[in-house]
Amino acid sequence: MDDCLFCKIIEGKIPSSKVYEDEKVYAFRDINPQAPVHVLVVPKAHYSDVKDAAKDQALLGYLFAKCGEIAESEGLKNGFRLITNCGDDACQSVHHMHVHILGGTKLTDKMG
Ligand code: AMP
């Protein structure tokens, strides 16, 4: 996608703080962290949100498995939270499917 921020990050056209990369996924630190550890994990293929990404359920499973591995590599031994915002009511601001990994502190029990 020509006009997608995260596609440009994946392609290296916009700088990012890379945490992990393989042939299917790219992970980098959120520019506006909401927790001591805040990593975004994105599929390299462009899908607008998790519903769109359900076209490739094997990829979704792979991406979520990678989230667990990345959380472990970030030292989140005591737990972490995964969030994927989908659509306006969830305040999705970047329309390239991504999972937020949040951790490194005791997170609020209020998720809404
Ligand atoms: P969402 O609101 O779920 O769509 O999340 C988008 C996330 O992308 C937000 O947490 C932003 O802080 C983050 N973000 C926006 N631009 C950048 C960037 N250039 N590098 C890293 N994270 C970004």
Side-chain angles (χ1 to χ4, degrees):
M1 287 281 286
D2 288 348
D3 204 26
C4 170
L5 173 64
F6 286 176
C7 283
K8 288 178 182 162
I9 285 176
I10 292 161
E11 291 164 12
K13 293 177 179 164
I14 291 176
S16 66
S17 178
K18 183 166 83 171
V19 171
Y20 175 82
E21 179 175 17
D22 65 24
E23 71 282 5
K24 292 180 184 160
V25 305
Y26 188 82
F28 55 105
R29 299 199 189 281
D30 196 292
I31 203 167
N32 183 24
Q34 304 296 310
V37 174
H38 188 168
V39 173
L40 301 173
V41 186
V42 306
K44 285 189 169 176
H46 180 90
Y47 293 104
S48 58
D49 58 30
V50 69
K51 286 175 66 182
D52 189 28
K55 290 171 186 161
D56 189 344
Q57 295 186 11
L59 175 62
L60 271 185
Y62 181 86
L63 186 142
F64 273 90
K66 280 293 162 197
C67 287
E69 291 177 22
I70 293 165
E72 188 173 357
S73 71
E74 289 289 308
L76 303 180
K77 295 186 191 315
N78 214 32
F80 56 91
R81 181 171 291 157
L82 302 181
I83 295 172
T84 183
N85 292 320
C86 182
D88 289 345
D89 278 2
C91 301
Q92 182 181 4
S93 61
V94 179
H95 295 276
H96 181 126
M97 190 259 164
H98 53 281
V99 176
H100 299 253
I101 303 175
L102 294 161
T105 190
K106 179 79 172 177
L107 299 167
T108 174
D109 61 357
K110 295 190 180 14
M111 288 190 280

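Counting starts at 1 for both ligands and their atoms, in listed order. Remember, predicted model here, so these are calculated numbers, not experimental data.
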Of all pairs that satisfy side-chain hydrogen bond (donor to acceptor under 3.5 Å, both in side chains), the ones with a partner from residues 56-71, not counting sequence neighbours:
Tyr20-Lys66, Asp22-Tyr62, Lys66-Glu69
Atom CG in Leu40, atom NE2 in His96: separation rounded to 0.5 Å?
10.5 Å
Linking I/L/V/M/F/W/Y whenever any side-chain heavy atoms sit under 4.5 Å apart, do Phe64 and Leu59 land together?
yes
For residues 75-87, dump all side-chain donor-acceptor pairs below 3.5 Å to protein atoms at least two apart in sequence or in another chain.
from	atom 1	to	atom 2	distance (Å)
Arg81	NH1	Thr108	O	3.1
Arg81	NH2	Thr108	O	2.8
Thr84	OG1	His98	O	2.9

Under 4.0 Å from ligand 1 - residues by heavy atom, chain and number:
Leu5, Phe6, Ile9, Phe28, Arg29, Asp30, Ile31, Asn32, Leu40, Asn85, Cys91, Gln92, Ser93, Val94, His98, His100
If you look only at distance, which donor and acceptor atoms sit under 3.5 Å apart when one is on a side chain in residues 6-17 and the other is two or more places apart or in another chain?
from	atom 1	to	atom 2	distance (Å)
Glu11	OE1	Lys13	NZ	2.9
Ser16	OG	Tyr26	OH	2.8

Return yes if some donor-acceptor pair links the side-chain N/O of Glu74 with the main-chain N/O of Gly104 below 3.5 Å, else return no.
no
